[in-house]
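To start, the structure under review is shown below, and the notes come after it.
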Amino acid sequence: MHDVAPPEYGRYARPERKVNIMRRHSFEHDGVVFSFLDAGGDGKPLLALHGHWMGASDFAEVANDLSPEWRVIALDQRGFGETDHGAAHHMAAYIGDAVALLEHLSITEPVPVLGHSFGGIVAYHLAAVHPDRVAAMIIEDIGVNMQDDSAPFVTNWSGTFRLREALEERLGPRLSPYLQNSICRVKDGWTLNFDPAEFLESEQATNGDHWNVWLQSRCPALVVSGGESRVSDAGELRAMAEKRDAAAFAQLKAGHSVHIDARSEFVNLLRQFLKQQHL
């Protein structure tokens, strides 16, 4: 068991679940079969991109809260969840995947993009490269200067565990509640629905200085900080909002996964921001 909690997510339990209105679908792009969740209905589309180790299903409660005004569409990004594993990992691919999903759904108008952690990096790259696709972005607890190395504690998550409890113990008490949606049953026991070695490839693909990319886009942006996050520096996130036009900063009492730890407050903040942008 890894005794020292790695610097990720927070110390909060998941809130009670509601009935999930999202339905799972798939499409093929770049030789990869992608899985995604779509709340459906007549609401305005909002694209949600998950963080590392997580998946589209982690936005299910947010989708319920935003319905019926907003139709949340959440992608399992390459290498995670029910999307194919083993594909190439680089920023151009992540951007292309998001665009391909919108094209698959025949969504041509700009949409708000909510990006948590890894998904936030993809979101602000998407806004810089395809400004016609992004009406606004909500960047959840992730900065622009990434120098992560999770190998020391992620490597021992690999493999299949005969008992689910053994895998949960390996993840540790801090992270296990957040990775429940990432644990899946297989023939010989339980495993994670991502390969830790492949995650490390994705981590390397997103490391680096992204300041110039962040400053390139012009759409309205909200940077949300988890006040008790062990991942992102609140000062850096505040500076992101201060140095970029049309950007605002907010902080909630939460860990890294703000949309889970403080879901009600997060959803209210998101609604207020989108309303201010007349979206």
Considering only distance and modelled atom types, tabulate donor-acceptor pairs under 3.5 Å from the side chains of residues 141-152, sequence neighbours left out.
residue: Asp141; atom: OD1; partner: Gly226; partner atom: N; Å: 2.9
residue: Asp141; atom: OD2; partner: Ser229; partner atom: OG; Å: 2.6
residue: Asp141; atom: OD2; partner: His256; partner atom: ND1; Å: 2.6
residue: Asp149; atom: OD1; partner: Ala151; partner atom: N; Å: 3.3
residue: Ser150; atom: OG; partner: Glu203; partner atom: OE2; Å: 2.5

Where do Phe194 and His85 land on the ring pair (Phe, Tyr, Trp, His ring centres under 6.0 Å) test, with the steps shown first?
-> CA-CA 7 Å; Phe194 63 90; His85 299 186; 8.1 Å; no
Before giving the answer on side chain to side chain contact (heavy atoms under 4.5 Å, CB included), spell out for Ile107 and Ile73 the whole-Å C-alpha distance, their side-chain angles and the decisive distance to 0.1 Å.
-> CA-CA 11 Å; Ile107 296 174; Ile73 301 158; 3.6 Å; yes
Cys184/Leu192 under side chain to side chain contact (heavy atoms under 4.5 Å, CB included): CA gap, chis, key distance, verdict | CA-CA 6 Å; Cys184 59; Leu192 294 168; over 6 Å; no
Under the side chain to side chain contact (heavy atoms under 4.5 Å, CB included) criterion, do Ile138 and Val113 qualify, and how do the steps go?
-> CA-CA 6 Å; Ile138 301 91; Val113 181; over 6 Å; no
Start with the C-alpha gap between Leu66 and Arg271, add the side-chain angles, then the distance that decides, and say whether side chain to side chain contact (heavy atoms under 4.5 Å, CB included) holds.
-> CA-CA 8 Å; Leu66 290 174; Arg271 282 187 180 278; 3.9 Å; yes
Going through the checks in order, is the side-chain hydrogen bond (donor to acceptor under 3.5 Å, both in side chains) test met by Arg244 and Gln216?
-> CA-CA 9 Å; Arg244 182 188 180 278; Gln216 281 177 26; over 6 Å; no
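Across all non-hydrogen atoms, the minimal contact from Cys219 to Ala135 is CB-O, 3.7 Å. When all heavy atoms of Ala88 and Ala93 are compared, the closest pair comes out as O-CB, 4.3 Å. When all heavy atoms of Val33 and Ser26 are compared, the pair lying nearest together is CG1-CB, 4.4 Å. Across all their heavy atoms, Ser217 and Met137 have their closest contact at OG-CE, 3.3 Å. Across Asp132 and Pro110, no two heavy atoms sit closer than the pair O-CG, 3.2 Å. Scanning both residues, Ala250 and Leu222, for their nearest heavy atoms gives CB-CD1, 4.2 Å.
Under a cutoff of 6.0 Å and an axis angle of 45°, Lys243 and Trp214 do not form a cation-pi pair.
Legend: residues meeting ring-ring contact (aromatic ring centres under 6.0 Å, His included) with Phe161, ordered by chain and number and at least two apart, are absent. Partners of Asp209 according to the salt bridge (charged side-chain N to carboxylate O under 4.0 Å, His left out) rule, which considers only residues two or more places apart in sequence or in another chain, do not exist here. Listed by chain and residue number, Phe36 satisfy the ring-ring contact (aromatic ring centres under 6.0 Å, His included) test with His25 (two or more places apart in sequence, or in another chain). Residues passing the salt bridge (charged side-chain N to carboxylate O under 4.0 Å, His left out) test with Arg218, sequence neighbours excluded: none.
Looking only at distances, no side-chain donor or acceptor of Asn268 sits under 3.5 Å from a matching main-chain atom of Glu265. For Thr206 (side chain) and Ser202 (main-chain N/O), a donor-acceptor pair under 3.5 Å exists by modelled atom type. Remark: side-chain polar atoms of Ser158 are paired, donor with acceptor, to backbone N or O of Thr155 under 3.5 angstrom. A distance-only check finds a donor-acceptor pair linking the side chain of Glu140 to the backbone of Val258 [under 3.5 Å]. Formation of a donor-acceptor pair under 3.5 Å by the Glu198 side chain with backbone atoms of Gly86 is found in this model. A donor-acceptor pair under 3.5 Å is formed between the side chain of Trp157 and the backbone N or O of Phe153. A donor-acceptor pair is defined here as one N or O able to donate and one able to accept, closer than 3.5 Å; no such pair exists between the side chain of Asp84 and the backbone of Val32. Here the side chain of Glu236 pairs no donor or acceptor atom with the backbone of Ser232 at under 3.5 angstrom. Panel note: side chain Gln277, backbone Pro220; no donor-acceptor pair is recorded below 3.5 Å.
Separation of atoms CG (Leu167) and OG1 (Thr160) is listed at 9.0 Å; rounding is to 0.5 Å. Rounded to the nearest 0.5 Å, atoms NE2 (His116) and CD1 (Ile121) are 11.0 Å apart. Taken to the nearest 0.5 Å, the CG atom of Asn193 stands 4.5 Å off from the OG atom of Ser182. Note that the CG atom of Asp245 and the CG atom of Leu215 stand 9.0 Å from one another [nearest 0.5 Å]. In this structure, Leu126 CG and Leu49 CG are separated by 7.5 Å, a value rounded to the nearest 0.5 Å. Taking CD1 of Ile95 as the start and NE2 of His130 as the end, the distance is 6.5 Å to the nearest 0.5 Å.
Both Val99 and Leu101 belong to a single network of hydrophobic side chains, linked directly or stepwise wherever heavy atoms of I, L, V, M, F, W or Y lie under 4.5 Å apart.
Applying the side-chain hydrogen bond (donor to acceptor under 3.5 Å, both in side chains) test to residues at least two apart or on different chains, the pairs with a partner in residues 35-46 are Arg24-Ser35, Asp38-Arg71.
Annotation: His259 is in aromatic contact with Phe59 [ring centroid separation under 6.0 Å]. For His125 and Tyr94, the ring centers are positioned 6.0 Å apart or more.
With contacts defined as side-chain heavy-atom distances shorter than 4.5 Å, the pair Arg164/Ile183 qualifies. Considering only heavy atoms from C-beta on, Phe249 stays 4.5 Å or farther from Met240 through its side chain. Inter-residue side-chain proximity for Gln77 and Thr83 is flagged as unmet; no heavy-atom pair is nearer than 4.5 Å. Side-chain contact between His52 and Ser117: absent, with no pair of heavy atoms (C-beta onward) separated by less than 4.5 Å. Glu103 places a side-chain heavy atom less than 4.5 Å from the side chain of Arg133. Side-chain contact check for Asp261 versus Tyr178: some heavy-atom pair is nearer than 4.5 Å. Using a 4.5 Å cut-off on side-chain heavy atoms (C-beta onward), Asp97 and Phe34 make contact. Two residues are said to be in side-chain contact when any heavy atoms from C-beta on lie closer than 4.5 Å; Pro112 and Phe273 fail this criterion.
With respect to the salt-bridge test (charged N to carboxylate O, under 4.0 angstrom), the residues Glu69 and Lys275 do not qualify. Taking the charged nitrogens against the carboxylate oxygens, Glu242 and Arg238 have no contact shorter than 4.0 Å, which rules out a salt bridge.
By the neighbour-count criterion of 12 heavy atoms within 6.0 Å, atom CZ of Arg162 is sparsely surrounded, having that number or fewer from other residues, nucleotides or ligands.
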